[in-house]
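My structure is below; once you've seen it, I'll send some questions.
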Number of protein chains: 2
Amino acid sequence: MLSDPIARTRRFHRAVTTEAGVLDSSFLGRGRPLGPARVLNAIGHGMHDIGEIRAYLRLDSGLMSRLLRGLEDEGLIELTASSTDGRRREAQLTNSGRAEFAEYERLSDQQAEQIVARHPRPEILLNAMDIVATALGMERVRLEELSPEEPRARACLQVYYEELAQRLRTGFDVTRSADPEATDMIPPRGSFLIALSDGLPIGCVGLKGTDKGYAEIKRLWVAQSARGMGLAGQLMDTVEDRARSLGIDLLRLDTNSALPEAIAFYRKRGWTEIDRFNEDPYPDFFFEKRL
Amino acid sequence: MLSDPIARTRRFHRAVTTEAGVLDSSFLGRGRPLGPARVLNAIGHGMHDIGEIRAYLRLDSGLMSRLLRGLEDEGLIELTASSTDGRRREAQLTNSGRAEFAEYERLSDQQAEQIVARHPRPEILLNAMDIVATALGMERVRLEELSPEEPRARACLQVYYEELAQRLRTGFDVTRSADPEATDMIPPRGSFLIALSDGLPIGCVGLKGTDKGYAEIKRLWVAQSARGMGLAGQLMDTVEDRARSLGIDLLRLDTNSALPEAIAFYRKRGWTEIDRFNEDPYPDFFFEKRL
DNA sequence: CTTATTACCTGACATTTGTCAGCAAATTCG
DNA sequence: CGAATTTGCTGACAAATGTCAGGTAATAAG
């Protein structure tokens, strides 16, 4: 009974939804119904495109429209037509909207603080919450193909470079490495995929087209909090499929012996070690895989 | 960001409320709004008194009344006047109500199962969920007196014995120890209390009556995930009160030097060390407390 | 250019939920 | 016993939410 996974999970769910009810009362504490409050918060958190907010909150277009008008009448937001697509509209907080959003943030922070504060050993609780949040967020991970120049892609690469710099003995300076031209990672020549969890980038992988009869896998990275959940495998599966669909039948990649788990990962996935195939100063392990 | 307690807690909250939204869609999956579904589930989980359900779900009396009538019209529940208080009413599931409730249970179980099954290392996730659920549910912990033969009581004792076997040098074989007769832990001779967190047992303590002018405290246990939250103290307070109400004025207990935190705990709570008072092979520390 | 399609809006309507005042019956307390 | 309290019901209303059938303008597709 005590080890029954179903009973334990359902108890967790009950505990958390009861608590969530309490937390959500913070929304009501400012005399505004849940609907408008959720929209205001979505905008405050950087969602500007109406369609994006609608999809995220799963709202009917009619309802959404009325909620926006309500917030506009309150003077909390401004709506402007999108510059790239005249049908779309974009929402921005006004000054008083920013103040109101900040107030919601303050309340949320306070609630969060209380939960942690009343635990005798906060770090234990926090670690447990990280594990749960990562696990639950995992099913909502979406893979998206986009340009490596795009801000979210650059954010991934930034962290990737920083981690490399820490782990390689020699450090890592991306300007000295063979930094793939962005155009090599854009279809139909190549591809760049990022994994998004609730809109937050937690992983990426690049497929760099060459003129040498093969393509290269570059920049495979998974955020610390998401490791051990098979995300790297998911990224690789997807990028291999994408390579096939682009007519590529041979893949190569280089890596470094300072990253033993990466080497084991490639071996397990059917890559075979080959001789050095480039003059990049950082890698010392080279792999190949025929699709 | 990853070490900031507030950011981590809020990320957890986001992950969990999104997931809860998905889970709650299981309520909607049966073509019934959330309100009636919640009431039906409360009744199915053993809440019969209308007032109790109302307090639990925080519903207005008018709304509650209409929800009940709706369920009655659907033929899912029956309402009867309370035998002890003519003002109160009690709700019972009809046969078709039981079938409907079972269907909700099946859906919930299925959802719970999926969450766990998707995780590469379920036990890590389950432990994390236990810690979170216990922390959030600490205020809702209920102590219940029941027979040590009851399944939930046996489940507690089972874990207790297993932990003892691990921690004692000598191992632990319950059949060699002075296993209290169940009847000694049933009122009016004794008592057995378990702590329930959202229905899941997370701790227990036994009060074993004797004919020697004192009663013994036995089987004080708190689940790993609930330790450090003051539950042991709560259990002891309650069982001491219970002892008083049964006319007992002297308590004894035995324990083992392999459990130093237990010994410190008893000392802090006003127990005094005494000489060995039994021939049980496992304990080597003996305490007494006058009520 | 014509025809879909897309993104969003509007109005109309139903349902669900929240809230309140008032009422009746049962119970408690002086 | 009689007044106060408790429990729960009813009706009336307001607010919030869900849903749908159009409509307009911008864009994409043929």
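Letters A, B, ... are given to chains in the order of the sequence lines, protein chains preceding strands, and every chain is numbered from 1.
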request  = Let me know the distance between CG of Asp60(A) and P of dA14(C), rounded to the nearest Å.
outcome  =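 After rounding, the reported distance stands at 17 Å.
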
request  = List for me each residue that meets side-chain hydrogen bond (donor to acceptor under 3.5 Å, both in side chains) alongside Arg54(A), sequence neighbours excluded, and say none if there are none.
outcome  =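 Partners of Arg54(A) under the side-chain hydrogen bond (donor to acceptor under 3.5 Å, both in side chains) test: none.
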
ask   = Do any pairs count as a side chain to side chain donor-acceptor pair (under 3.5 Å) and have a residue in residues 235-248 of chain B, sequence neighbours left out, and if so which ones?
value =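 Every side chain to side chain donor-acceptor pair (under 3.5 Å) pair that includes a residue of residues 235-248 of chain B, provided the two are not neighbours, is Glu145(B)-Arg242(B), Asp237(B)-Arg269(B), Glu240(B)-Lys289(B), Asp241(B)-Arg244(B), Arg242(B)-Ser245(B).
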
request  = Starting at the 5' end of nucleotides 23-30 of chain C, put B wherever the base has a protein heavy atom under 4.0 Å, S where only the sugar-phosphate does, and a dash everywhere else.
outcome  = --BBS---

inquiry  = I'd like to check the salt bridge (Lys or Arg N to Asp or Glu O under 4.0 Å) partners of Asp60(A); sequence neighbours left out, ordered by chain and number.
reply    =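 If we apply the salt bridge (Lys or Arg N to Asp or Glu O under 4.0 Å) test to Asp60(A), skipping adjacent residues, there are no hits.
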
ask   = What residue pairs, at least two apart or across chains, pass ring pair (Phe, Tyr, Trp, His ring centres under 6.0 Å) with a residue in residues 67-102 of chain B?
value =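 Every ring pair (Phe, Tyr, Trp, His ring centres under 6.0 Å) pair that includes a residue of residues 67-102 of chain B, provided the two are not neighbours, is His45(B)-Phe101(B).
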
task = Quick one: list whatever passes side-chain hydrogen bond (donor to acceptor under 3.5 Å, both in side chains) with Arg66(B), sequence neighbours left out.
result =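 For Arg66(B), no residue satisfies side-chain hydrogen bond (donor to acceptor under 3.5 Å, both in side chains) once neighbours in sequence are set aside.
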
request  = Taking all heavy atoms of Leu93(A) and all of Gly44(A), pick out the closest pair and write down the distance.
outcome  =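 Residues Leu93(A) and Gly44(A), closest heavy atoms: CD1-CA, 3.8 Å.
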
query = salt bridge (Lys or Arg N to Asp or Glu O under 4.0 Å) with Asp249(A): which residues, sequence neighbours excluded?
reply =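 With neighbours one apart ignored, the set is empty.
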
ask   = Of all of residues 44-55 of chain B, which get a heavy atom below 4.0 angstrom from DNA chain C, listed by number?
value =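 Going residue by residue through residues 44-55 of chain B, none turns out to have a heavy atom under 4.0 Å of DNA chain C.
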
key: Residues Leu207(B), Ile248(B); criterion side chain to side chain contact (heavy atoms under 4.5 Å, CB included); working and verdict   = CA-CA 10 Å; Leu207(B) 177 72; Ile248(B) 295 162; 4.0 Å; yes

inquiry  = Near DNA chain D, counting only heavy atoms under 4.0 Å, which residues of residues 62-72 of chain B show up?
reply    =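 Within this stretch, Gly62(B), Ser65(B), Arg66(B), Arg69(B) sit under 4.0 Å of the strand.
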
inquiry  = Restricting to side-chain hydrogen bond (donor to acceptor under 3.5 Å, both in side chains), what partner residues turn up for Ser82(A), sequence neighbours left out?
reply    =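 Checked Ser82(A) against side-chain hydrogen bond (donor to acceptor under 3.5 Å, both in side chains); matches are Thr84(A).
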
key: Given DNA chain C, 5'-ward residue of the pair Leu79(A) and Leu59(B), judged by closest heavy atom   =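 Result: Leu79(A).
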
For Val205(A), the option from Ile217(A), Leu143(A), Ile194(A), Val222(A) that meets side chain to side chain contact (heavy atoms under 4.5 Å, CB included) =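 When side chain to side chain contact (heavy atoms under 4.5 Å, CB included) is applied between Val205(A) and each of Ile217(A), Leu143(A), Ile194(A), Val222(A), only Ile217(A) qualifies.
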
request  = Shoot me the first and last contacting nucleotide of DNA chain D against chain A, ordered 5' to 3', at under 4.0 angstrom to non-hydrogen atoms.
outcome  =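 Taking any atom under 4.0 Å from a heavy atom of chain A, the span is dA16(D) to dT27(D).
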
key: Any donor-acceptor pair under 3.5 Å from Ser191(B) side chain to Val239(B) backbone   =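 No, Ser191(B) side chain to Val239(B) backbone: no donor-acceptor pair under 3.5 Å.
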
key: From Gln92(B) atom CD to His48(B) atom NE2, the distance as rounded to the nearest 0.5 Å   =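 Separation between the atoms: 5.0 Å.
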
Residues forming a side-chain hydrogen bond (donor to acceptor under 3.5 Å, both in side chains) with Asp73(B), sequence neighbours excluded =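 For Asp73(B), no residue satisfies side-chain hydrogen bond (donor to acceptor under 3.5 Å, both in side chains) once neighbours in sequence are set aside.
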
